[in-house]
Amino acid sequence: MTLTTTPDGVRVEGREFPTNRGGLCRKGWTAAELLDRPDRLGTPLLRTEDGTFEPVGWDVALTRWVRELRAARATHGADAVGVFGGASLTNEKAYALGKFVRLGLGSSRVDYNGRFCMSSAAAAGNRSFGVDRGLPFPVTDLDDAHTVLLLGSNVADTMPPFVQHLAEARAAGGLLVVDPRRSATADLTADGQGTHLQPLPGTDLALLQGLAHVVLAEGLADHEYLAARTTGLAQLRPALNQWWPERVEAVTGVPAHRIREVARRLASDPRGTYVLTGRGVEQHADGTDTATAAINLALLLGLPGGERSGYGTLTGQGNGQGAREHGLKADQLPGYRSISDPADRAAVAAVWGVAPETIPGPGLPAVELLASLGRPGGVRCLWVNGSNIVVSAPDVAAVAAGLERLDFLVVSDFFFSETAAHADLVLPVRQWAEEEGTMTNLEGRVLRRRRAVAPPPGLVGELEIIAELARRLGVEGFTDDPREVFVELAAASAGGRADYSAITWDRLDAGEALHWPCRPSAPEGSPRLFLERFAHPDGRARLVPVGGPTRRPAPGPGPAGGLVLTTGRWLEHYQSGTQTRRVGSLAAARPEARLQVHPATAAARSIADGDVVEVTSAVGSALVRAELSTAVRPDTVFLPMHFGGEATANLLVEARTDPVSGMPDFKATAVTLRRPVAGGSA
Ligand SMILES: Nc1nc2c(c(=O)[nH]1)N[C@H]1C(S)=C(S)[C@@H](COP(=O)(O)OP(=O)(O)OC[C@H]3O[C@@H](n4cnc5c(=O)[nH]c(N)nc54)[C@H](O)[C@@H]3O)O[C@H]1N2
Ligand SMILES: Nc1nc2c(c(=O)[nH]1)N[C@H]1C(S)=C(S)[C@@H](COP(=O)(O)OP(=O)(O)OC[C@H]3O[C@@H](n4cnc5c(=O)[nH]c(N)nc54)[C@H](O)[C@@H]3O)O[C@H]1N2
Ligand SMILES: [Mo]
């Protein structure tokens, strides 16, 4: 998109671009409204003795912060200071922040909200393919697809410009949507344009095992491809044996004959067939295994690395791809390198001009990092930069308690978020349209972000904050010039999995489409990975045997019976809502949270549309109005994640995580539902 400055302010215009073709979702069209809002943070705010906030100058703010950092480190050690970042940050900020924690603070304690977003798909991609790039092919390849299996992704609401790439598949009757709700995307399958499968939340692993079982049992697998391009078929077979369709039906609720139909459709013509996953299947305690099962299915069919076929995961946040490549993750160094691998450490240490042993080891994944706040051996001084964790992390009551235990909390944001309310120091930062940098999109293509408007006076960006902190801490090697940071980032990525070493701002500014890896030996970049080989040393993809779904309490039918809560997004709001709840038209369209409940489920509990209901899980309760809808399964309820206060979805979600990726179990929580005793009718 482009920004035009007009006498009345800034306007957003769609721009012709292959991934969106001039389309923009509603949030994009309204984003400019946020640049000059009166409640935008303008100066640092420091908490006073009596608990209120007082505007202070930057020097006072940074002096205090540096004193707190030094005190925490002197008393409790370097790992007592930590950073929680976000994937809305540019590549340059993500890189600088990761480097600053390791070298400037000497701490291992850094992680970010991408842990909540793409970590399961990333872990599965690395395990199966040896590399993690959301789409290993340009999104426009989907334009010719006749069959697309879309698992746990509601693109019609969460990525509206993407829907146009599904037109051909819909015309061919081949859009296959797996979602416990008849979502806006599931509606796209109506009138013979495809099929909607509606499993119980958290049972996709069984469903995928069942589809793979049918492919093998009915002789639909591509054995020539499996022999040439994969390893592990012999180990995979026994893991699939037990998942015959009738058994899968009993676990998922999806009829056995539909499972067979979908498997046959997927195998009918591999050229033009794609398997895509979203958060609905990835944000589970078995999310890595579920994404792996989707990859196994795709491999059995011979899809990944084909001319016009493949597997991919649909990236979430603005820089969801880039932020997971440059070292913001607890176990990573730039170039998608491992912080535990001696060769990776040596390569980055050389670029940073330090001895490898100077770089700390792996830190803690997000949920463990948050659990450590204010605890013995845990983080005591935290900087949250680019996330609203009091709304978006699991078990938010525990997170808020952790923030209160801290010695010092710094939150930087454009707005006074729910998390900022817990801070000792709140710092204003610049917004997207006010800064230069790069982002990496869902297909691994690096894009320039250009400054379109001047930031309000007195506001600085994170690169300036980091460089100034480093200067005050007496650490060298930090610049506030984003172009210089990119040059260093590209050098640090050379030879890594996400190699940017032949990418320059000049090439990007000249309009070149550059997908990583992009190195001097192949400066044209890599729009299609895997055509010849996968990224494991032997060039083969791995079929990884996985088990059955994580056991959860089964929902009960009666009025007092348990239900499964799942959570996700609405078209009108973005993430924790800090931004979209402030946009007039969006807030008017969707002013408050609603719990989607099936009418039969509501009737059994004497709940009417609009009633305030109490939802209770093992860790907490939420109060929210019910919205009756036949679009959700009777044993399932759905709550959007966009709201704070009593309706915060994450009051209910437990801090249980996937053992491989550290992903929280956001999408299947056992709950009960009732009308609060003291009335509660709207
Ligand atoms: N409007 C809007 N757009 C956004 C965002 C936003 O907040 N608002 N956020 C952006 C970000 S960061 C992300 S990560 C993406 C997310 O994009 P999506 O992955 O599309 O978003 P979700 O709504 O979280 O989940 C998708 C679907 O999964 C379904 N689902 C829930 N549980 C299960 C399950 O157990 N199995 C299956 N098969 N499906 C399940 C939900 O019903 C939902 O329709 O969207 C991006 N775009
Ligand atoms: N129950 C449940 N919980 C979920 C999910 C779910 O589906 N269900 N989804 C998860 C997912 S996929 C995600 S991505 C997370 C998202 O949730 P969060 O991590 O909370 O993400 P945002 O709401 O985008 O928060 C970003 C905050 O940083 C600010 N911000 C934006 N850009 C910048 C910047 O450049 N610099 C600074 N300093 N601040 C900035 C914004 O104003 C906002 O307050 O939520 C996760 N939580
Ligand atoms: Mo996300």
Side-chain angles (χ1 to χ4, degrees), residues 41 62 65 82-105 107 109-115 117-118 315-330 332-336 348 351-352 366 382-389 410-415 417 419 427-441 446-452 455 459-471 475 477-493 498 500 503 505 508 575 578-579:
L41 296 171
L62 295 180
W65 188 5
V83 169
F84 198 97
S88 49
L89 304 180
T90 58
N91 289 328
E92 291 76 9
K93 292 187 203 175
Y95 172 85
L97 200 50
K99 178 182 172 186
F100 174 71
V101 178
R102 272 67 174 243
L103 296 192
L105 302 174
S107 170
R109 299 304 198 246
V110 58
D111 213 49
Y112 78 127
N113 69 6
R115 185 71 68 177
C117 186
M118 301 300 299
T315 300
Q317 302 175 82
N319 198 25
Q321 179 71 46
R324 69 183 192 270
E325 300 167 355
H326 309 299
L328 202 47
K329 212 169 172 181
Q332 264 180 22
L333 288 174
Y336 218 127
V348 173
V351 175
W352 286 353
L382 180 72
W383 179 16
V384 178
N385 184 54
S387 182
N388 188 9
I389 44 179
V410 182
V411 176
S412 38
D413 207 306
F414 335 122
F415 295 112
S417 67
T419 305
L427 296 177
V429 288
R430 291 179 188 155
Q431 290 196 55
W432 53 280
E434 300 159 353
E435 292 188 308
E436 299 283 339
T438 63
M439 317 265 275
T440 304
N441 81 355
V446 183
L447 307 171
R448 274 276 280 123
R449 162 181 281 192
R450 291 190 191 78
R451 178 166 154 165
L459 283 198
V460 298
E462 285 96 326
L463 291 182
E464 282 92 337
I465 296 177
I466 291 167
E468 180 59 19
L469 279 178
R471 197 187 63 78
V475 189
F478 292 88
T479 166
D480 60 11
D481 179 344
R483 183 188 279 259
E484 279 176 36
V485 176
F486 185 85
V487 170
E488 187 185 314
L489 173 168
S493 77
Y500 284 47
I503 303 179
W505 277 24
L508 298 174
Q575 312 280 58
T578 335
Q579 300 168 63

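The structure displayed is predicted, hence computed values, not measured ones.
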Legend entry - Separation of Leu62 CG from Leu427 CG (nearest 0.5 Å): 7.0 Å
Legend entry - Over all atoms of both residues, closest heavy-atom pair of Asn91 and His326: OD1-NE2, 3.2 Å
Inset, instruction - In sequence, state the C-alpha distance, the side-chain angles, and the governing distance for Leu97 and Val110, and then conclude on side-chain contact (heavy atoms from CB on, under 4.5 Å). - result: CA-CA 9 Å; Leu97 200 50; Val110 58; 5.5 Å; no
Legend entry - Closest contact, heavy atoms only, Phe414 versus Arg430: CE2-O, 3.2 Å
Legend entry - Candidates Asn388, Val384, Ile389 - the one meeting side-chain contact (heavy atoms from CB on, under 4.5 Å) with Ser417: Asn388
Inset, instruction - Would you tell me whether Trp383 and Ser412 have side-chain atoms, one donor and one acceptor, within less than 3.5 Å of each other? - result: yes
Inset, instruction - Check Gly98 against Leu328 and note the closest heavy-atom contact, atom names and distance. - result: N-CD1, 4.3 Å
Legend entry - Heavy-atom pair with the smallest gap, counting every atom of Arg102 and Gly327: NH1-O, 2.6 Å
Legend entry - Check: Val101 and Arg109 side chains under 4.5 Å, non-hydrogen atoms: no
Legend entry - Test item: Gln321 and Arg324 side chains (from C-beta on) under 4.5 Å apart, heavy atoms: yes
Inset, instruction - Indicate the atoms forming the closest heavy-atom contact of Gly85 with Ser387, along with that distance. - result: O-CB, 3.9 Å
Legend entry - Glu92 (side chain) donor-acceptor with Arg483 (main chain) under 3.5 angstrom: no
Legend entry - Side chains of Ile465 and Val429 in contact at under 4.5 Å (non-hydrogen atoms): yes
Legend entry - Short side-chain donor-acceptor distance under 3.5 Å, Gln317 and Asn113: yes
Inset, instruction - Check Gly386 against Ser88 and note the closest heavy-atom contact, atom names and distance. - result: O-OG, 4.1 Å
Inset, instruction - Just jot down the salt bridge (charged side-chain N to carboxylate O under 4.0 Å, His left out) partners of Arg451, sequence neighbours excluded, or say none. - result: none
Legend entry - All side chain to side chain contact (heavy atoms under 4.5 Å, CB included) counterparts of Gln332, not counting sequence neighbours: Lys329, Tyr336
Inset, instruction - Find out whether Thr419 and Phe84 are in side-chain contact, i.e. whether some heavy atom of one side chain is under 4.5 Å from a heavy atom of the other. - result: no
Inset, instruction - First locate atom CZ of Phe478, then atom CG of Leu103, and finally report the distance between them rounded to the nearest 0.5 Å. - result: 5.0 Å
Inset, instruction - Determine whether Tyr500 and Thr440 make a side-chain contact, defined as any pair of heavy atoms from C-beta on separated by less than 4.5 Å. - result: yes
Legend entry - Side-chain heavy-atom pair Thr479, Val485 within 4.5 angstrom cut-off: yes
Inset, instruction - State, with a plain yes or no, whether a side-chain heavy atom of Glu436 is found less than 4.5 Å away from one of Arg449. - result: no
Legend entry - salt bridge (charged side-chain N to carboxylate O under 4.0 Å, His left out) involving Lys93 - partner list, sequence neighbours excluded: Glu435, Glu462
Legend entry - Any side-chain heavy-atom pair of Leu508 and Ile503 under 4.5 Å: yes
